[in-house]
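Here's the structure, in structure tokens; my notes come after.
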Amino acid sequence: MSGRRGLWRAFSAMPRRGPPPPPPKFVLPGIKHIVAVASGKGGVGKSTTAVNLAVAMSQSLGLRVGLLDADVFGPSVGHMLGLSGKPEIGEGGLMVPRSAHGVRCMSMAFLLAQDAPAIWRGPMVMGALETLMSKVLWAPLDVLLLDLPPGTGDAQLTVTQRLHLSGAVIVSTPQDIALLDARRGALMFRQVGVPVLGIVENMSYFVCGHCGGESHIFGQGGVQKAAADLHMPLLGQVSGLRSA
């Protein structure tokens, strides 16, 4: 018993180490704003929303827009924009983003063989994200949108630690389960000091192609309540596919 007490006293006397300091942030010159598009749960149309936002900002607002597909396990942004193939190498050995509809895009899908899965552990994911953030010739841009993977794990933490984010947009569908994770995502950004610009309700309602009537097949009012509870604006409600 005395041996255990002595061991505990020795352990207690050891100097305690605090958490390691956060890594330095990347400086991306020539980019005015960086905005994350995020969701707590997959399958809510986050990537579709990110692509639509990027194209709308470019074509309707005349902004210089970049879109980084940071969903390294399920990169789909390039496919949505009709882009494929490896990027060219430009000045300073930096990768040149591919462009479509006025949007400059970079995705892990451009660097992997077609249909090849990214079977990576956390450090490899973080290294891939840092490459996409710092080894790409993004500038000059008015806004760089980041299509983040769903959840609140390593990828989200890497982005918030390494980039100066102007804000985050949360995407959710009306279902209660999706909203639970959307709330967690919004709170995660606030905890790391990133402003939440608002929430987008995707698949808000279904429009009948015959009578034009609207049906709230996934529920109604949940996103508005979540926005009010978290004191963030409801940025928009996007309908589902219109039936023929």
Side-chain angles (χ1 to χ4, degrees), residues 35-63 65-71 73-84 99-105 107 109 142-152 167-187 189 195-244:
V35 177
V37 180
S39 67
K41 182 169 292 296
V44 300
K46 167 187 54 63
S47 296
T48 304
T49 301
V51 169
N52 286 332
L53 281 174
V55 174
M57 287 180 175
S58 173
Q59 297 192 353
S60 298
L61 301 180
L63 299 177
V65 182
L67 178 55
L68 169 56
D69 188 354
D71 192 347
F73 292 115
S76 57
V77 165
H79 181 74
M80 292 181 185
L81 289 172
L83 297 172
S84 62
S99 296
H101 308 290
V103 176
R104 309 184 76 189
C105 175
S107 171
D142 294 307
V143 59
L144 174 62
L145 295 177
L146 310 179
D147 177 27
L148 296 183
T152 56
V169 173
I170 306 298
V171 180
S172 181
T173 50
Q175 298 102 314
D176 291 340
I177 296 300
L179 284 168
L180 286 173
D181 291 332
R183 289 171 179 265
R184 295 188 183 102
L187 292 174
F189 282 109
V196 178
L197 304 178
I199 186 169
V200 174
E201 182 182 62
N202 197 28
M203 308 180 202
S204 178
Y205 52 89
F206 169 81
V207 180
C208 177
H210 300 286
C211 68
E214 296 181 3
S215 299
H216 296 270
I217 57 178
F218 296 126
Q220 185 177 10
V223 175
Q224 292 95 320
K225 184 178 185 305
D229 291 344
L230 296 174
H231 305 288
M232 60 183 179
L234 174 61
L235 299 178
Q237 296 172 292
V238 183
S239 68
L241 292 174
R242 184 185 182 97
S243 68

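Quick caveat: nothing in here was measured; it's all calculated off a predicted structure.
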With side chain to side chain contact (heavy atoms under 4.5 Å, CB included) as the test, would you mind laying out the steps for Val44 and Asn202 before giving the verdict?
CA-CA 7 Å; Val44 300; Asn202 197 28; 5.7 Å; no
Checking Gln237 now: which residues fulfil side-chain contact (heavy atoms from CB on, under 4.5 Å) with it, not counting sequence neighbours?
Glu201, Ser204, Gln224, Leu234
Rounded to the nearest 0.5 Å, how far does CG of Leu179 lie from CZ of Phe218?
12.5 Å
By side-chain contact (heavy atoms from CB on, under 4.5 Å) - contacts of Asn52 (at least two apart):
Thr48
Residue His79 excluded, over 12 heavy atoms near NE2 under 6.0 Å:
no
Side chain proximity check, Pro150 to Lys46, heavy atoms < 4.5 angstrom:
yes
Rounded distance (nearest 0.5 Å) linking atom CG of Leu187 with atom CD1 of Ile170:
9.0 Å
How close do Gly78 and Asp69 get, counting heavy atoms only, and between which atoms?
N-OD2, 4.4 Å
Sequence-distant partners of Leu148, side-chain contact (heavy atoms from CB on, under 4.5 Å), two or more places apart:
Ala36, Ala38, Ala70, Leu146, Gln156, Val159, Phe189
Is there a side-chain contact between Val196 and Leu230 (heavy atoms, below 4.5 Å)?
no
Decide side chain to side chain contact (heavy atoms under 4.5 Å, CB included) for Val238 and Thr49; before the verdict, give the C-alpha distance in whole Å, the side-chain angles of both, and the deciding distance to 0.1 Å.
CA-CA 9 Å; Val238 183; Thr49 301; 5.8 Å; no
Quick one: are Asp71 and Ser76 in side-chain contact, heavy atoms under 4.5 Å?
no
Are Leu145 and Val169 close enough that some pair of their side-chain heavy atoms sits under 4.5 Å apart?
no
Point-to-point distance, once rounded to the nearest 0.5 Å, from CG of Asp142 to CG of Leu61
10.0 Å
What distance separates Lys41 NZ from Arg184 CZ, expressed to the nearest 0.5 Å?
8.5 Å
Rounded at 0.5 Å granularity, tell me how far CE in Met232 sits from CD1 in Ile199.
4.0 Å
Rounded at 0.5 Å granularity, tell me how far CG in Asp147 sits from OG in Ser107.
9.0 Å
If we only count heavy atoms from C-beta on, is the Pro174 to His216 side-chain gap below 4.5 Å?
no
What is the minimum heavy-atom distance between Gly102 and Ser58, and which atoms define it?
O-OG, 3.2 Å
